Amino acid sequence: MIYLNNAATSYPKPARVVERVCSYVSSIPYHASRANSDFASADLLDTCRNKLAQLFGVSDSSRIVLTSGATEALNLVFRGLELAGSHIISSVTEHNSVLRPLRHLERDGVIELSLVACDSAGRIDPGDIQRAIRPNTRLVVINHGSNVTGVVQDLAAIAQVAHDHGLMCVVDAAQTAGNLPLDVSKLPIDAMVFAGHKYLFGLQGTGGVYLRPGLELRPLKVGGTGVRSESVFQPEEGPLLYEAGTPNVPGIVSMTAGVEFLLAEGVENLRNRALRRFEELRRALGEIEGVTMYGEARSNAQLAVLSFNIDGWNPDQVSYALENSFDIVVRSGLHCAPLMHEAIGTSLEGTVRASPSCHTTEQEVMNLVVAIQQMAKAR
Amino acid sequence: MRVQEVREFVDCFDAAITKEIVFDQEVERAFIHYLGTHGQLDFYPHFPRPYFRLIARGAFQLQGVEGANTARIVLCRPNIEASLASFVNVVRGYSSSCNDEAGG
């Protein structure tokens, strides 16, 4: 089976991720009184934070909060900030993990919300963000890289607009963490949310958020922490404030191993490998009559994510036929980004999305091209 | 040939109208051609696993591959149950015609 759905979740995972997770789940679970354990839970979390800090240019790893994924992290940020009466600026390119929490806050009368438009490729003009600013604007929320068109926003410019106007900037880096070099020390951002199971090569159920020094949130959940049990209230130091409950330790182990893989291989190197496959695919599909592609071809501002449609086929039929006839896994539909599809003109049925990774081979891309050629001819 | 199970299919679009049909046996070519008598059939036998899609206008849309015991159906609103029932009847009709041939 050829897997081209890495924008949803990455596969295969690097060998070290598989080995580390298997080793962890095969070992007796750690408990505090056990000496010489290879898997001390508290150390495992801190090790993960340290690796992520290295990857993201974070000087204080305690500013990294580990969560069950980008969705929980986004909810932590939006519900953790004091936003009552505030105006928030976001965009039509956002994933539902951003749109829904913000819409709920808007519906509940907590915030006012503006969603700036994008062009037909999905690109946002930082000037539009500036023009949307009101006296009560407090926050800009931006999707760094689209899971529909793969377009990468000019994050530095957008964050600068926010910074220049005294606004906070929250970045949804679910598609770009591990996929693009990211150094938060060089960006005027307040929070960056990431998913562990995409290009950080961890398991599903992992992710987190970087919070800039000085940014404190109300916790989304309080409860057991495994330490400081005598405290009636949630401990307030470091990430403990936000990480109540039993952590997803196997997932965190996987994310650590995935980040180690990234640090060893180099994010830029892995990105270039995936982009080569993207460019091969885009070039080949451009020569097939009846295929429409979305997004743009500029690889310096593009992820290896390609949305397309085939005349005479709805996207669901394409993905079904690819998987069941040709043994190729892609994704079809709205990809949890309904407004993006409105913007690019595909809101009725969505698109087919192919998302190779650094592990995708040239042959696998060619197999997809041959399959699409057959389908386009057969319509 | 009969419908053994109707499974929920959870994906991007409305799960209320998209279901996975499980048959009690594999889909054979004769069944695919029979389906063609109930709507517009596109059949691509040259695909690595022969693929078909059927539009039974106003009733349902079906797609599947030869040799699998499942197919994916999109039912029609507003009466989803009637839409599913019409498909089940189509499948029953195939079984009856097979029996008739066997008996003849």
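Letters go in sequence order (proteins before strands), and every chain restarts at 1. Here the structure is a predicted model, which is why all the values come from computation and not from measurement.
Heavy-atom neighbours of A:E106 CD from other residues, nucleotides or ligands within 6.0 Å: above the threshold of 12. Crowding of B:Y34 atom OH: a count of heavy atoms from other residues, nucleotides or ligands under 6.0 Å exceeding 12. More than 12 non-hydrogen atoms from other residues, nucleotides or ligands lie less than 6.0 angstrom from CD of B:Q25.
In plain terms, the two heavy atoms of A:F326 and B:P48 that are nearest each other are CE2-CD, 3.2 Å. Across all their heavy atoms, A:S325 and B:P50 have their closest contact at OG-C, 4.3 Å. The two residues A:Y320 and B:G64 make their nearest non-hydrogen contact at OH-CA, 3.4 Å. In terms of heavy-atom proximity, B:Y44 sits nearest to A:A378 at OH-O, 2.9 Å.
For a residue to count as touching a neighbouring chain, one of its non-hydrogen atoms must lie under 4.5 Å from one of that chain's; by this rule B:E66 does not touch chain A.
Using cut-offs of 30° and 60° for the angle between ring planes, the B:F47 and A:W313 rings count as parallel.
Of the N and O atoms on the side chains of B:Q63 and A:D316, at least one donor lies less than 3.5 Å from an acceptor on the other residue.
Taking CZ from B:R72 and CD from A:Q317, the interatomic distance works out to 10.5 Å, rounded to the nearest 0.5 Å.
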